[in-house]
Amino acid sequence: MKLRTLLLLGICPLALHSQTYSVSGFVKDTGGTPLPYANILLLNADSVRVSGTSSDESGYFSIDGIAPDLYFFQPQYFGYSARPVPVEVRSDLRLGALILSEDAEQLDEVVVTRKRPVIERQADRVVFKVENTVLSSGSTWDILRNAPGVIAGPESLEVRGQPATIYLNGRKVQLGRTRCWNCSGGCRGI
């Protein structure tokens with residue numbers, strides 16, 4: 001009997017320590033319009049990515065399996081900016097709406113505007129057309145990193161928590177590590 005009681009008392013703190021929670025909410029612009037496929041990064045206190053997800057067509061997101069701690073939620077969407085939102089996770093949370101403001105700059109009486117990329121939802125994939133946008137002049141890695149719904153990790157790309165398969169002009173692209181001319185470390189190459 002004493003052995004069972006000691007065993008039970010020893011297991012209870014481990015079960016309580018492994019408790020995880022979920023955090024959900026919506027991503028919207030300042031006008032209240034939902035932002036579909038926005039990236040939501042979960043960062044720890046040192047601003048290191050812990051997890052991430054993308055919002056659905058209605059701007060809703062949910063991240064599960066979060067250990068109790070202080071985190072920052074960083075929403076990202078091309079053409080918009082937002083500051084990280086600090087949240088202490090101690091139970092399941094509904095954040096409400098994370099609001100992103102349009103990222104426009106005004107320089108010496110010249111207004112810089114850009115055409116947003118076209119997002120096309122098909123039955124088996126999401127097509128992100130960057131032709132004639134600011135992103136079209138960047139590298140392939142920059143385009144993928146800024147694509148709505150894509151979470152760029154240190155070693156992989158994810159779409160809605162699943163490994164991403166990338167096609168460029170209808171052809172599958174293998175992501176690999178290469179050395180580039182402007183750094184001494186391994187950079188991503190396409």
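- You'll find the side chain of Val85 reaches within 4.5 Å of the side chain of Val87, heavy atoms only.
- Scored by the side-chain contact (heavy atoms from CB on, under 4.5 Å) test, Thr30 finds Ile99, Ser101 as partners (sequence neighbours excluded).
- Not counting sequence neighbours, Tyr21 has no partner by the ring-ring contact (aromatic ring centres under 6.0 Å, His included) test.
- At least one donor-acceptor pair closer than 3.5 Å links the side chain of Asn44 to the backbone N or O of Asp46.
- Residues satisfying the side-chain hydrogen bond (donor to acceptor under 3.5 Å, both in side chains) criterion with Ser58, sequence neighbours excluded, are Asp56.
- When all heavy atoms are compared, the tightest approach of Ser81 to Asp103 is N-CB, 4.1 Å.
- Taking CG of Leu95 as the start and CG of Leu93 as the end, the distance is 6.0 Å to the nearest 0.5 Å.
- Applying the side-chain contact (heavy atoms from CB on, under 4.5 Å) test to Leu100 and every residue at least two apart in sequence or in another chain returns Val27, Leu35, Pro75, Tyr77, Tyr80, Ala82.
- Note that CD of Gln74 and CG of Leu42 are 11.5 Å apart. Values are rounded to the nearest 0.5 Å.
- Interatomic distance, Tyr71 OH to Ser47 OG, rounded to the nearest 0.5 Å: 13.5 Å.
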May I have the list of side-chain donor-acceptor pairs in residues 61-69 shorter than 3.5 Å, sequence neighbours left out?
none

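- Residues in residues 90-100 take part in these salt bridge (Lys or Arg N to Asp or Glu O under 4.0 Å) pairs, two or more places apart or across chains: Glu88-Arg90.
- For the salt bridge (Lys or Arg N to Asp or Glu O under 4.0 Å) condition, no pair includes a residue of residues 23-37, sequence neighbours left out.
- Applying the side-chain hydrogen bond (donor to acceptor under 3.5 Å, both in side chains) rule to Arg83 yields no partners; only residues at least two apart in sequence or on another chain are considered.
- Grouped with Leu43 in one hydrophobic cluster are Leu41, Phe72, Ile151, the linkage being side-chain heavy-atom contacts under 4.5 Å among Ile, Leu, Val, Met, Phe, Trp and Tyr residues.
- Residue pairs satisfying the ring pair (Phe, Tyr, Trp, His ring centres under 6.0 Å) criterion with at least one member in residues 31-52, sequence neighbours excluded, are absent.
- In this structure, the ring-ring contact (aromatic ring centres under 6.0 Å, His included) partners of Phe26, at least two apart in sequence or on a different chain, are Tyr60.
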